Amino acid sequence: MSESVRDLLLGLGGGLLAAWVLLAAALLAAHPGRAALGEALRVLPDLLRLLARLARDRAVPRTTRVLLWLTLAYLAFPIDLIPDVVPVLGYADDAIVVTLVLRAVVRRAGEGTVERCWPGTPDGLAAVTRLTRARRRPLPDGP
């Protein structure tokens with residue numbers, strides 16, 4: 001192996017390691033409280049269905065749909081940013097990533113789109129609203 005190829009591989013490896021450390025630090029900084037994490041775990045099945053519905057919804061901007069598909073692929077991939085053997089954060093990184101993506105979706109597609117695609121209960125939607133720090137407007141009264 002030539003010296004330039006070795007240097008390139010070492011540089012790429014070092015860059016990936018530095019990016020992982022920065023991302024892990026960002027996840028630690030964004031770590032939600034225990035109550036928020038509990039809410040996220042309680043509504044996790046509905047969150048996964050929400051992500052899939054939003055990713056297929058043509059009303060959602062294309063870049064946001066791509067972000068949603070990448071998030072679903074990340075969740076399906078067996079290797080996480082923080083290994084599951086790390087207590088608390090090992091399982092929390094998925095919840096944190098989903099929360100950050102949903103915040104971006106709410107900003108780009110709007111709360112109404114998330115509400116329209118929400119497959120769960122109103123309490124679950126309220127939990128997602130709290131997780132994403134979105135302000136939920138009251139739904140209009142009947143017809």
Side-chain angles (χ1 to χ4, degrees), residues 1 5-143:
M1 179 183 311
V5 171
R6 183 178 50 99
D7 290 344
L8 176 67
L9 291 176
L10 285 174
L12 285 173
L16 287 173
L17 179 62
W20 182 86
V21 168
L22 289 173
L23 191 51
L27 289 174
L28 282 170
H31 186 303
R34 197 170 255 172
L37 184 58
E39 283 184 341
L41 293 175
R42 182 172 51 86
V43 297
L44 185 62
D46 291 333
L47 280 173
L48 294 175
R49 287 189 302 210
L50 174 67
L51 292 177
R53 286 180 178 185
L54 288 168
R56 290 188 305 263
D57 189 341
R58 296 284 181 193
V60 175
R62 178 180 293 211
T63 55
T64 304
R65 288 195 324 259
V66 169
L67 176 65
L68 287 161
W69 282 115
L70 290 172
T71 302
L72 287 167
Y74 167 75
L75 293 172
F77 197 64
I79 299 173
D80 286 345
L81 292 173
I82 300 177
D84 291 338
V85 297
V86 176
V88 181
L89 283 179
Y91 292 107
D93 69 332
D94 292 343
I96 293 168
V97 167
V98 168
T99 299
L100 294 174
V101 168
L102 280 177
R103 285 181 187 169
V105 169
V106 167
R107 279 194 307 270
R108 294 177 184 159
E111 295 172 43
T113 303
V114 174
E115 288 177 6
R116 181 174 42 80
C117 292
W118 178 250
T121 65
D123 288 341
L125 180 59
V128 168
T129 302
R130 282 191 300 277
L131 285 172
T132 60
R133 295 187 187 133
R135 292 186 207 157
R136 185 165 182 217
R137 296 172 306 238
L139 295 175
D141 293 331

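Computed from a predicted model, the values in this text were never measured in an experiment. Numbers here are sequence positions counted from 1.
L125 is listed as a side-chain neighbour of E115, based on a closest heavy-atom distance under 4.5 Å. Contact of the W118 side chain with the L47 side chain is registered, since non-hydrogen atoms from C-beta on lie closer than 4.5 Å. With contacts defined as side-chain heavy-atom distances shorter than 4.5 Å, the pair T113/V106 does not qualify.
Note that the OG1 atom of T64 and the CG atom of L54 stand 9.5 Å from one another [nearest 0.5 Å]. Here the SG-CG distance, from C117 to L51, works out to 10.5 Å after rounding to the nearest 0.5 Å.
With sequence neighbours excluded, no residue forms a side chain to side chain donor-acceptor pair (under 3.5 Å) with R108. Under the rule for a salt bridge (Lys or Arg N to Asp or Glu O under 4.0 Å), R107 has no partner lying at least two apart in sequence or in another chain. Not counting sequence neighbours, R56 has no partner by the side chain to side chain donor-acceptor pair (under 3.5 Å) test.
Checked options L70, V97, V98; the residue passing with L75 is V98 (criterion: side chain to side chain contact (heavy atoms under 4.5 Å, CB included)).
A pairwise comparison of heavy atoms in R116 and A59 identifies NH2-CB, 3.9 Å as the closest pair. The two residues L67 and A104 have their closest heavy-atom pair at CD2-CB, 4.1 Å. A pairwise comparison of heavy atoms in P119 and D46 identifies CG-O, 3.5 Å as the closest pair.
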